[in-house]
Amino acid sequence: MSNKYYEFENGVRIVYGKESLKEELPYQLKQLGANRVLLISGPVLNRIGTVDMVREECERQGVKIQAVFIDVPNDSSLEVVANIAQVYLVNGCDSILAVGGGSVMDTAKGVKLLLSQGVSDLSKVMGMNMVKKGEKIPFVLMPTTSGTGSEVTKVTVISDLARNTKLEFVTAEILPDVCVLDPILTTTLPPRATLLSGFDTLTHAIEGYTCTQKNPLSDATARLAIKLFAQNIGGAIDNPLDLDSRLRMMICSALAGASFSNSMVGAVHAIGHALGGECHLGHDISMSILLPYVMEFNYDIAKDLYGNIFRLMVDDSTYKKVSDKNYGRACIEYIKGLYCKLAQQVGAATKLNELGVSREQLEIVADKAMRDGAMLTNMKALSRDDVMNILIKAFE
Amino acid sequence: MNLNFGKVLFAKTVFGALGRAIKGGYKIDSQIVRLVQELPNDYTVIMSVKGTNAKLSFTAFEDNLIVHKLKKAPKSGDLEIVFKSIDCVLPLLCGFKGIGQAYSEHDFIMRGDICKGMVVVDLISLIEAYLFPTFMLKRIMLSVPKTEKSKARMYGYFISGK
Amino acid sequence: MKAFENKTKILCGKGALDKLGYELDYFNCKAPLIICDEMTDKAGYARELKKKLRGMDITAKFLSLNIVDRGELSHLEKARKAFYEYSCDSIISLGGGGVTDIAKALKLFVNTGISNLSEINQVQSTDKTTLIVIPAFLGNGNEGTRFAKIYNTSHNDCYDIDSTAIAVNAVIIDESLSYTVSEKSLRESAIYALGMALCANVERISIFSKSYACAALSILHDNFLNKKRYSKSNKNAVMSAMIYAGIAFSEVEDNILIALTREIAEFKKVRRDIAFVCILPHYINMFINKFNKVNHTLLLLLVGDEEFSNVEEDKRNDALLNTIEKIYTAHNKLYGCSTKLRDYGVSVGDIDNIIEYTMQNCGQSLDGQMEYMLKEILNRAI
């Protein structure tokens, strides 16, 4: 069953390079007509001085930061989004700048959606591609991690704490006008977070490349992302202050984000979302642990594609050493080995039972995973039993 | 005869048949009952086609399922699946495309909780498994869901209403 | 510091046109002006579009222009009048490259309020009018870019427009609009797309643009190379490759290759895409060592993963050149599509003049080595 039709959209102006915070961010804001900016970030970034650095640079170059919101929690919620929207309106802001990781960017996207659609309750615009083009609000994102790719994706997930559920919004309306990638903002990312966010990126690229909605453009961006990942993940972990590796990992993340945003993902994300919801595991650690096991499950359908991925990740001598030309299998082993090696180096978990997940919870996770939209686009259909098998293998 | 008029008439007819099949499936297949029970109580689902008045709608209750007739269909629902045009929905209704492929190919937009949307997608897939011959299903689905009863039983419901 | 921007949404494949009503609705457009050329109109595509919009609460107005090859000022004026007369709120172009250029220029007029292209640089512009491009032939690779060319035949002049304000909001590439494409034009366009994608891959452009170039090469590998017959979906795919290659190529800054192409086109009145195709393989051959890092990627994309694995690492440059030569030879044999400039009226005696004009317009001085390289390229291309 192959798709005869596809769509691709990446309407974000991506500005990247060393010093892009100083040389580009204020300029881009001015180009968008931003006069009174709402700056959104998180408490950790505020504590380590990133928020001040961004604010000072903008104001030094004549861009007024009208208001600042630095209390975005790890898990974004409707209440937080509504509070920030209120801050925006009360202070007469005319644009949004978000500096942070996945949760900050997701929250900012929710705020933009709420304001541009002119609704008071975000759940009214919940869904997939159901909103129309709304009011123009200049919107800029500056990621401080290189993992989620949220700076270029059309998806955001916001929690509804009252109903204990996560709401998903899929629409081009939440794409930022500009995203600015400055590696200086990721140098404070500790090695463990670098590894996990890197593997999150790799999962996006691999799933984007192997799902049912794949298309030539998403394939091309995924391939470039996989290549960049393989060439730079080691450097970014070993030398956190190496701006070149950091920049390439940010580019890798944006490429992988563009890929999966236009081709969807698969079972790794479906099961990972369920693990996050039920066991409160971080998205990145779930992806990192689950990836090779889902690849094993998909192997008989996707082995040629895995072979291509292996080609991109290793040098010629390693490629030629593979016996029986079983490149697909070699790919899975390579990724598993790479993660284990780096996880040991940085002290990250390699199995779910190391993270406090109980065996009983796996049953609930399997049920939830079957209801995730990402299951629909996995290359191979999964039954609930298949999901349980994957979880058990990843568990111990 | 205007070709578009013919297409809309066909869509309305097939939606009607689908509605009847959902009602029948609820009576004969416990998988469908379980799927309906996953939806919240008094939860209305509407499938419609942009630019036409072709519509399929049903409301799920804890212990019941009501499939609405076209003339009495609610104007809005908790979950709305809207196909982008009549030409986007026809391949699905003719069995040339599964609902999964329709999702992959952006044939419809969805208002509401996407998780609940996946329940409806599974429901439609099961109904397709009842209605279409196996050789067609294998072409349009990654994996054909197993039905509890036979296709004959479903067609029997169509004819007799039992 | 690098930047990449392309806001064009791509809708490609069977049934893409079925999504047109939704796309217009997304952009809050109720009254599009659909501009097409007479050939498109005669092929029945305009009628096809009308059917797709039926029942959508959209009042589309159609304007058919006698554009043969390129958009002229007179066409633009007619389009501008029609836009305001019918109180349209958006623009759809349906047809070839000339129609697309007219639609883009019209968007600029509507966005800025100017009525004369000479005023382009004097006004600020925002992207407030929706423009959807529906290529009905193979186009010119500009469908997804911020460039347009409008000719002023009476003054033997042309306006080159380069503005993000004419960015295309969506490109709809539907299989059903490719059946009038002849195999000869398909091959010509595919070779041009191949050339643009190769050139974009070797030059210093953003990696995001390169992804479009890589996608184009991949599509051409699967749908054009080594094929003798082309189905509707192959033609559709080549149309899309043309657009992606165009997007990537639009980021390439002026280099020797582009400058040479331009001079040959203006000096010897050879079609620009033909001149480009003739020169490209020799340009790559001459500078192959400069492109060393990307050659492996190019070879991988042109021959596929399996064949690439069989080529020794130190032989990949040669393999790339051989592959390009094979492609060109195959192209020459079928339908008599020549890739030699002599078949287009360029002779060895023209070389010195071409080089002189090229270097003048590049603003560069000619050293011995550069002169030798350019002469070699042109000799081989002729």
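Numbers restart at 1 for each chain; the letters A, B, ... are given by sequence-line order, proteins then strands.
In this structure, chain A has heavy atoms under 4.5 Å from both the backbone and the side chain of C/I207. For A/K320, the part sitting under 4.5 Å from any heavy atom of chain C is the side chain, from C-beta outward, and nothing else. The contact between A/V131 and chain C is made entirely by backbone atoms, counting heavy-atom distances below 4.5 Å. Of the atoms belonging to A/L175, not a single heavy atom falls under 4.5 Å from chain C. Only the side chain of A/L224 has a heavy atom closer than 4.5 Å to any heavy atom of chain C. For C/L217, no part lies near chain A; criterion is any non-hydrogen pair under 4.5 Å. Looking at A/E173, the atoms closer than 4.5 Å to chain C (heavy atoms on both sides) sit in the backbone and in the side chain alike. Looking at A/N308, both its backbone and its side chain come within 4.5 Å of chain C, counting heavy atoms on both sides. For a residue to count as touching a neighbouring chain, one of its non-hydrogen atoms must lie under 4.5 Å from one of that chain's; by this rule A/A258 does not touch chain C. For a residue to count as touching a neighbouring chain, one of its non-hydrogen atoms must lie under 4.5 Å from one of that chain's; by this rule A/N129 touches chain C with backbone and side chain alike.
Comment: C/D89 does not engage C/K30 in a salt bridge, judged by the lack of any side-chain N to carboxylate O separation of less than 4.0 angstrom. Salt bridge A/K18/A/D182: absent, no basic N to carboxylate O contact under 4.0 Å. Under the 4.0 Å criterion applied to side-chain N and carboxylate O atoms, A/D177 and A/R13 are not assigned as salt-bridge partners. Ionic pairing of C/D18 and C/K52 is present here: one or more N-O contacts between side-chain nitrogen and carboxylate oxygen are shorter than 4.0 angstrom. The pair A/K133-C/D25 fails the salt-bridge criterion, with no side-chain N (NZ, NE, NH1 or NH2) lying under 4.0 Å from an Asp/Glu carboxylate O.
Side-chain contact between A/L243 and A/L247 is absent, with no heavy atoms from C-beta onward closer than 4.5 Å. A 4.5 Å side-chain heavy-atom check between A/L255 and C/F208 finds at least one atom pair inside the cut-off. Here the side chains of A/L305 and A/M379 are in contact, with some heavy-atom distance below 4.5 Å.
Within the 6.0 Å centre-distance limit, the rings of A/Y327 and A/Y319 are counted as a close aromatic pair.
Counting heavy-atom pairs under 4.5 Å between each of C/A215, C/C214, C/A167 and chain A puts C/A215 at the top. If you tally non-hydrogen atom pairs under 4.5 Å between each of A/N262, A/L312, A/T221, A/L217 and chain C, the highest count goes to A/L217.
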Practice item. For the pair A/M130 and A/T171, evaluate side-chain contact (heavy atoms from CB on, under 4.5 Å) and give the outcome as yes or no after the intermediate values. Key: CA-CA 7 Å; A/M130 55 80 55; A/T171 168; over 6 Å; no
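For the pair A/K214 and A/Y209, the cation-pi criterion (under 6.0 Å, within 45° of the ring axis) is fulfilled. Under a cutoff of 6.0 Å and an axis angle of 45°, C/R316 and C/F308 form a cation-pi pair.
Close approach to chain A, defined as a heavy atom under 4.5 Å from one of its heavy atoms, is seen in C/M1, C/K2, C/A3, C/F4, C/E5, C/N6, C/K7, C/T8, C/K9, C/I10 of residues 1-10 of chain C, taken by number.
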